[in-house]
Amino acid sequence: MTKVAVFGAGSWGTTFAMVLAEAGSETTLWGRRQEVVDAINRDHANADYLPGVTLPAGLRATTDPAEALDGAEFVVLAVPSQTLRANLTAWRDLIPERAVLVSLMKGIEVGTTKRMSEVIREVVGVPEERVAVVSGPNLVPEIAARQPAATVVACTDLSVAERLQAICHLPPWFRPYTNPDVIGVELGGAVKNVIALAVGVSAGMGMGDNVSAMLITRGLAEISRLGAALGADAHTFAGLAGMGDLVATCTSPLSRNRTFGENLGRGMTLAEVVAVTKQTAEGVKSCESVLELARKHDVEMPITEVVVGVVHDGMSPSEAGMLLMSRSPKPERYGV
């Protein structure tokens, strides 16, 4: 039986731990709050993040990182992306020497513009073949309700990706696919949150599906341009970790980033939206680092620029809409 430690008892961390436990791994979930850990162990529930969901009886939880990491073959990281570096610094000496580190996080680090796998490798000092990424259209409430879903597990060493695929494959409702393109899978997961904010703002302002379709399509072009500059495989963006994740996050009412954008589009201030948002909308912080990364590589990302303007620089949603629609298009073929 494979031993897995999952760090982060929020909605996605708990749900992925549920998948691993039901698929047959010995899974321990680390949580920061004792009351959440106690409820998981006692009631097989995490009511704060997954109300109404019954967790597997074999899933254990702890607030002790050493206990969670003891003997772990896979260490799954599901903390907010901007806290990863500090958390990993505290945990790195406890991580088993041969463990594979798995990122569930979809963000770009503020200040360094590093992808989460890069932060993991830098802090823990592991080679790239010991770091994997899980991404794709993974709307948590649907997976927690055991509705059918697929995801992508990426690692530069495909044998590692296949090992991870095997322990989280849960027929008939959770199907992972492998991909060696870690860069593309991570960029797809991080930047789609920024595009979803833009789609949400437009929806909150009362704009229709034509605008949403334009933003999704143009957003995919932005992701693909940045991916090309960083060496990603273009095919990744046509798959689950690219278009699939983008469509789900931009169109679903279950999407945190789309919902955050909708509230901004309806006229709420940033502080008001933050106050009513219970879970992390990764695009809110990552949009600045995505834009900085794009500028480092001389990549045009006008939707991302506008999102940064609305979220961080006081630009009004109506002004943002005018900027996007009045921008002179370049002579790009097929409108992409």
Side-chain angles (χ1 to χ4, degrees), residues 7-8 10 12-13 32 65 75-95 99-135 154-156 181-197 219 222-233 236-237 241-242 245 256-257 260 270 274 280-301 303-309 311-313:
F7 279 74
W12 186 209
R32 178 176 52 85
V75 178
V76 179
L77 300 162
V79 297
S81 60
Q82 304 308 325
T83 73
L84 174 62
R85 183 176 295 273
N87 280 319
L88 262 186
T89 299
W91 300 330
R92 62 186 171 193
D93 293 338
L94 302 170
I95 296 172
V100 174
L101 291 99
V102 182
S103 170
L104 301 189
M105 299 159 291
K106 298 181 177 181
I108 302 293
E109 188 177 43
V110 173
T112 69
T113 69
K114 291 184 183 293
R115 293 174 284 109
M116 296 295 98
S117 67
E118 293 179 302
V119 175
I120 292 168
R121 290 177 57 198
E122 181 179 299
V123 173
V124 185
V126 293
E128 62 181 5
E129 60 267 22
R130 274 187 53 201
V131 180
V133 173
V134 176
S135 191
C155 183
T156 57
D181 180 22
V182 172
I183 296 172
V185 170
E186 283 192 289
L187 286 179
V191 185
K192 58 89 184 182
N193 288 328
V194 181
I195 307 305
L197 286 168
E222 290 194 12
I223 298 170
S224 300
R225 284 198 298 270
L226 183 59
L230 294 176
D233 183 343
T236 297
F237 303 116
D245 203 4
R256 304 172 196 173
N257 290 278
F260 196 104
L270 179 64
V274 169
T280 303
E282 290 282 12
V284 175
K285 291 187 177 179
S286 285
C287 62
E288 288 184 298
S289 46
V290 168
L291 183 57
E292 184 182 351
L293 182 62
R295 287 172 173 168
K296 282 182 180 179
H297 293 272
D298 198 27
V299 175
E300 266 204 351
M301 299 187 73
I303 298 174
T304 302
E305 288 182 11
V306 165
V307 169
V308 171
V311 174
H312 295 289
D313 297 335

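Nothing here was measured: the structure is a model prediction, and the numbers come from that model.
Remark: Asp181 engages no residue in a salt bridge (charged side-chain N to carboxylate O under 4.0 Å, His left out) (not counting sequence neighbours). Among residues two or more places apart in sequence or in another chain, the side chain to side chain donor-acceptor pair (under 3.5 Å) test is passed with Ser224 by none. Listed by chain and residue number, Thr89, Glu109, Thr112, Lys114, Val119, Glu122, Val123 satisfy the side-chain contact (heavy atoms from CB on, under 4.5 Å) test with Arg85 (two or more places apart in sequence, or in another chain). For Phe7, the ring pair (Phe, Tyr, Trp, His ring centres under 6.0 Å) partners two or more places apart in sequence, or in a different chain, are Trp30, Trp91. Residues satisfying the side-chain contact (heavy atoms from CB on, under 4.5 Å) criterion with Ser289, sequence neighbours excluded, are Ile108, Val110, Ser286. Here Ala86 pairs with nothing under the side-chain contact (heavy atoms from CB on, under 4.5 Å) rule; sequence neighbours left out. Residues passing the side chain to side chain donor-acceptor pair (under 3.5 Å) test with Asn257, sequence neighbours excluded: Asn193. Remark: Glu186 pairs with Arg115, Ser117 by the side chain to side chain donor-acceptor pair (under 3.5 Å) rule, at least two apart or across chains.
With rounding to the nearest 0.5 Å, the separation of OG1 in Thr304 from CG in Leu226 is 8.5 Å. In this structure, the separation between NZ on Lys106 and CH2 on Trp12 is 7.0 Å, given to the nearest 0.5 Å. The distance from the CG atom of Leu101 to the CG atom of Leu77 is 6.0 Å, given to the nearest 0.5 Å. In this structure, Thr83 OG1 and Leu88 CG are separated by 9.0 Å, a value rounded to the nearest 0.5 Å.
Nearest heavy atoms, Val307 versus Cys287: CG1-CB, 4.1 Å. Cys155 and Ala132 get closest at one heavy-atom pair: CB-CB, 4.1 Å. Residues His312 and Val284 approach most closely at NE2-O, 2.6 Å, considering heavy atoms. Minimum heavy-atom separation, Pro80 to Glu282: CA-OE2, 3.7 Å. Residues Gly188 and Ile223 come closest through the heavy atom pair CA-CG2, 4.2 Å. Considering every non-hydrogen atom in both Arg121 and Pro127, the closest pair reads NE-C, 4.1 Å.
With contacts defined as side-chain heavy-atom distances shorter than 4.5 Å, the pair Ile183/Thr236 does not qualify. No side-chain heavy atom of Asp245 sits less than 4.5 Å from a side-chain heavy atom of Phe237. In this structure the side chain of Glu222 never reaches within 4.5 angstrom of the side chain of Val194, judged on heavy atoms. Side-chain contact between Met105 and Leu84: present, with at least one pair of heavy atoms (C-beta onward) separated by less than 4.5 Å. Ile95 places a side-chain heavy atom less than 4.5 Å from the side chain of Val124.
Evaluated for a side chain to side chain contact (heavy atoms under 4.5 Å, CB included) with Val76, the options Leu104, Val100, Val134 yield exactly one hit, Leu104.
By the 6.0 Å contact criterion, CG on Asp298 is open, its count of non-hydrogen atoms from other residues, nucleotides or ligands being 12 or less.
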Before giving the answer on side chain to side chain contact (heavy atoms under 4.5 Å, CB included), spell out for Val182 and Val131 the whole-Å C-alpha distance, their side-chain angles and the decisive distance to 0.1 Å. CA-CA 9 Å; Val182 172; Val131 180; over 6 Å; no
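Contacts classified as side-chain hydrogen bond (donor to acceptor under 3.5 Å, both in side chains) and involving residues 124-135 (residues at least two apart or in different chains) are not found.
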